[in-house]
Structures are given as structure tokens and as C-alpha cells.
Amino acid sequence: MRARPGDAVRGPRVAPVPRRSGTLEPRPRRNPLTPLGWVSVALTFVLVATTLAAYAYYRSIEGSLRRLPFEVGPSRPPETGALNVLLVGSDSREGDNKQYGPKSQGLGERTDTIMLLHISPNRDKATMISFPRDSMVAIPECEGRNGATLPGGIRQINSAFNDGGINCTIRTLESLTNIKINHFVKVDFTGFKGIVDAIGGIEICLPKPVNDPKAKLVLPAGKHVVNGEQALGYVRTRYALGDGSDLSRIQRQQVFLTQVLAKVTDGGLLTDPVSLNGFLRSAAAAVTVDSELTLDRMLEIANSVKGLTAKELKGITVPVEPYPPDKNRVQFSQPAAKNFFESVRNDVEVTATPAPGKSAAPKIEHEQVRVQVLNGTGEQGKAVQVADELAAQGFAVIEVGNAPTTGTTAIRYAKKDAQDGPAYADAVATRLSKDKRTPVAGKVKPVNAQPYASKVAKLPDGPIIQLVIGTDWPGVRVQSAIPDSLKDKVVDANTNPCL
């Protein structure tokens, strides 16, 4: 058994709130089209990434975007450096969308698709988080579409948009997740089809023949390149594929999204001026965005995400379980959902931007760094606990021990390692939560120390970095926005498309 020198010696469920008519919200019996706000992930990437090329041209593109004010109130989650974009689909039957239900004209808009695109603070990973429309959640008090106040209560999550619009949806998601939403993008039926047509269609794979008249999708089994109308049918069909659940459909939509993003970023679109022009004009006409997503903001985002591709996009559905009062509804599964949202808020490091005119230093991988962890808090077991967390992320922890009590956590390197030490120490500094700490030259003398059983097969060369844990210890950032317990639920570029 390894010595420990660092040792100093589910919430209550509530019933659904009655609707204003005094009756419980009935189970939806329509088979709604799903316009897929999430397809605007690709739009978000391309609109911002390509603005770097020709400012004047994209100013004209930006002018065709429809905008809505961002009004969610002053009480909001803190900024973490991440970029979070809310993506919703609208089933409005106005304008060209009347072909999907002329009798519904004038009745407003609903959504069955709510997704949150989370781009890590370091802009090297993207996570698409789906919120099942049948989730029963606590919706805060909001202003309704008619200007009246909507009381807070337990309702189906998509009613936040249906009754209160986009800003009520943002307030609801922020209250549920404590994740700050920076922007939103909304797309309708016709817009979705236009985007797919503009990129020349998307390849899908059907595990069996599909004949769904309501979804307007009739295709044999196998691979097909579908146009806008067929793509809309594919992503909205529910009972013809999978197990007939909304969760199964969400997984299929996430697979489709990875195909869209791959086509946009890796399929030559960005280097084909004619195709790119058609795509951008179709995309701009397809969406409504928030008033703060200006062209300057797009350029700012573009510079940070221009290296991100479909390979870095992972889709995940919020963990849910059956909702006891109604078997046709679900609720967030706890503590899994709470832990997941916490992981998203604390996912990856922010890498310092090189000063102008200076090239970035070579990236130091975790397995290249030898670390000595010293406990300066007086708290039992702290050195070993932190050492275990760093070792789990690949660092070559070699020693644990105690240091004189200190209030300030510090990352240190030997003065003799002034040339390479800062880069190696920086690899450790970026794994700590909250504000990034600047490594300092000069080590402290341990009170005691002994070897740590490193999990690295071969110890690396290079400087030994000393992590001294103070009473202000901020914690170690998690390695991924998706906890290990949910890794088997991930949809990414490697997921079998024949769902």
C-alpha cells in the first residue's frame, strides 16, 4: 500500500404545474417537423470563419441577417472563457413555411429542438449538448410572447420557447445549468433545407427502408445523398427509425450534424468561391441571431475557432430518466446531470496568447512533465489527492510530500531551468481552475517527501516542476466536458451513421 506523506494525520420530484386553462399539459399528439436549430452549428462556424477573407463582402451578408434583442436580465452565470451558443429550431408556418401547415399560420412558433454548442475556452474542442423536448424542468418567471408575465413552475422544457420565446429559453437553460449563453441562432424549415441544398446535400445511411409520409421520406436501406427536403424528413422522422423515442431521434440528428460540419469544413466549400457564396447567402437568409452577434464579434470568434473541425465536435444528450407522474415525459437524472453541467463549466484550459511578433512555444504534453506535489494546507491527504488527479491526466508525478503552510498555491521550477522550466510549468498551470497562475522560478524545500508510484511507463527527461498547494487551492480542471460516466453516450465523427 502506498504511503501517504501528504496526510497530516436526488431532489424531490414535483408534479407538473397546471396550464393557465387549469388542466395538465397534454401529451403532444402532432408529429411536428423538426427544423433543427442545431444545423446552424455549421452556419456559426462558417459565417465567422470565412469573414476573415473579405470584410466588405461579408458586411453585405451580415446585413441580411434577422436579429432579435438579447434580453435575459442582469442575474446571470459568470463568464468562464468558453463560447456557448444556443441553437433552436422554429416550426413557424409563416411565409415559405406555410406548406408545412397552412392551418397553423398566425399561431406563433414552437420548437422541438434545443441544443447548446459549447466551445472550450481554449477553442480546441466543441460539445453539442441536446436537451430532450420532453424534459420536465423548473422554468423561471419570464415575460411571455404577448408581454404578460409567465409564472415560474415545473413544465416541459420546450414550453419556455413556445410561450416565452428565445430569451425565456436562455433564462431557463442558464438557471438549470449555470452555464452562461453568449449568443443564439434560430433556423426555420425553409432555412434548414436551403442550407443543406447550398452545400450539395449530405450523405446519410439508413439501416432499413423508410416509408414515412408524414415526414415526406421514402427511401430504401443503405447510403444516400439527400437534398434539403429529404434531409428535413430524415432528421424529423421519429417512429420509422430507431426505437421511436425522441432520444433516439436526437442521436440521429447529432450524427447528421457531424456530417454537415465535415462537409462545410473539410469538403472544399471554403475554397470554392461560387459554392461558398451560395452557402453564405442561403445561411444568412435562413437564420435569426441575437443583436450582439455583430460582424466584429464574428471576426473575433473566427480568429479563435478557425482551426476547429468536425473531428473535435462531440454530441451528448443531457442524462435523463423517466418522469414518475407521466411516463411519456423525462426529467434530468441526478446527480449525473449536475455533474455533467459542472464538467462543462470547468472543462479545459486557456492557453496564453503569444505576444505580437513572438512565435508560440512548442506545446508541452502532459506525459513530458515530471511533477512533485507538496501539501502546504495542513489538510489531510491533499498531496496524494492532487497527485492522483494530475496523474489521471497523464502527468508523470514522481513525489508527494508536505511543504511549510502557505496561503498561495504556486507552480515552481528550478532557477537552473530558466530556459525550459516556464514551458513545462505552464503545462501544469493551465490545468488549474479559475484564473491562470504564472509559474515562478525557485523551489521551496519540502518538509518531507517520498516517491509517488507514477503511472507513466517511462519517466521523461526535462525539468521537474514543483506544485505547492496553498489554502487558496483552486482545484484541477477536468480533462473533458463529458465525464467518463457518459463517454458511451457520445456521438462524434466515428459514430456509426447507420442509426
Side-chain angles (χ1 to χ4, degrees), residues 33-47 49-50 87-89 100 112-113 115 117 126 128 130 185-212 215-238 240-242 248-272 274-287 308-315 490-499:
L33 294 171
T34 304
L36 298 183
W38 51 262
V39 79
S40 53
V41 177
L43 163 70
T44 302
F45 276 94
V46 176
L47 273 181
T50 54
L87 309 163
V88 298
Y100 298 106
D112 292 303
T113 301
M115 289 187 171
L117 174 65
M128 175 55 59
S130 294
V185 179
K186 180 179 72 171
V187 65
D188 62 19
F189 298 152
T190 304
F192 169 76
K193 295 193 304 179
I195 291 173
V196 175
D197 284 337
I199 58 179
I202 294 295
E203 184 176 273
I204 65 170
C205 181
L206 300 177
K208 63 180 181 179
V210 174
N211 186 351
D212 187 347
K216 299 182 180 180
L217 183 66
V218 180
L219 286 173
K223 294 182 178 180
H224 307 275
V225 175
V226 294
N227 58 22
E229 191 73 55
Q230 292 172 314
L232 185 60
Y234 171 74
V235 296
R236 75 178 174 91
T237 187
R238 177 168 178 174
L241 289 172
S248 177
R249 180 169 61 178
I250 284 174
Q251 186 181 41
R252 190 167 62 254
Q253 291 169 353
Q254 291 173 342
V255 170
F256 185 85
L257 176 58
T258 63
Q259 297 289 88
V260 172
L261 190 54
K263 184 75 174 284
V264 169
T265 59
D266 305 328
L269 177 68
L270 302 183
T271 59
D272 183 339
V274 175
S275 297
L276 180 58
N277 176 63
F279 173 79
L280 287 178
R281 295 197 179 279
S282 295
V287 303
L308 200 58
T309 69
K311 295 179 182 179
E312 285 79 42
L313 176 65
K314 297 184 183 300
V490 170
V491 171
D492 59 21
N494 298 316
T495 300
N496 180 7
C498 295
L499 298 176

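- Counting all heavy atoms, side chain and backbone alike, Val196 lies closest to Phe256 at CG2-CZ, 4.4 Å.
- When all heavy atoms of Ser248 and Gly242 are compared, the pair lying nearest together is OG-CA, 3.4 Å.
- Of the inter-residue distances, the one linking Ile202 atom CD1 with Leu257 atom CG reads 9.5 Å to the nearest 0.5 angstrom.
- Between Ala240 and Thr237, the shortest heavy-atom distance links the atoms CB-OG1, 3.4 Å.
- Contact of the Leu117 side chain with the Leu313 side chain is registered, since non-hydrogen atoms from C-beta on lie closer than 4.5 Å.
- Residues passing the side-chain contact (heavy atoms from CB on, under 4.5 Å) test with Lys208 are Leu241, sequence neighbours excluded.
- For the atom pair NE2 of His224 and CG of Leu219, the computed distance is 5.0 Å after rounding to the nearest 0.5 Å.
- Every residue meeting the side-chain contact (heavy atoms from CB on, under 4.5 Å) condition with Asn227, not counting sequence neighbours, appears here in chain and number order: Asp197, Glu229, Gln230.
- Heavy atoms only, all atoms of each residue included: Val235 and Gln253 are closest at O-NE2, 2.9 Å.
- Put simply, the side chain of Ile204 does not reach to within 4.5 Å of the side chain of Arg252, judged on heavy atoms.
- With contacts defined as side-chain heavy-atom distances shorter than 4.5 Å, the pair Lys216/Arg236 qualifies.
- Here the CG atom belonging to Leu217 is positioned 6.5 Å from the CG atom belonging to Leu206, to the nearest 0.5 angstrom.
- Residues in residues 490-499 take part in these salt bridge (charged side-chain N to carboxylate O under 4.0 Å, His left out) pairs, two or more places apart or across chains: Lys314-Asp492.
- Here the closest non-hydrogen pair linking Gln254 and Ser130 is NE2-OG, 2.8 Å.
- A 4.5 Å side-chain heavy-atom check between Tyr234 and Val210 finds every atom pair outside the cut-off.
- Contact of the Thr258 side chain with the Thr495 side chain is not registered, since no non-hydrogen atoms from C-beta on lie closer than 4.5 Å.
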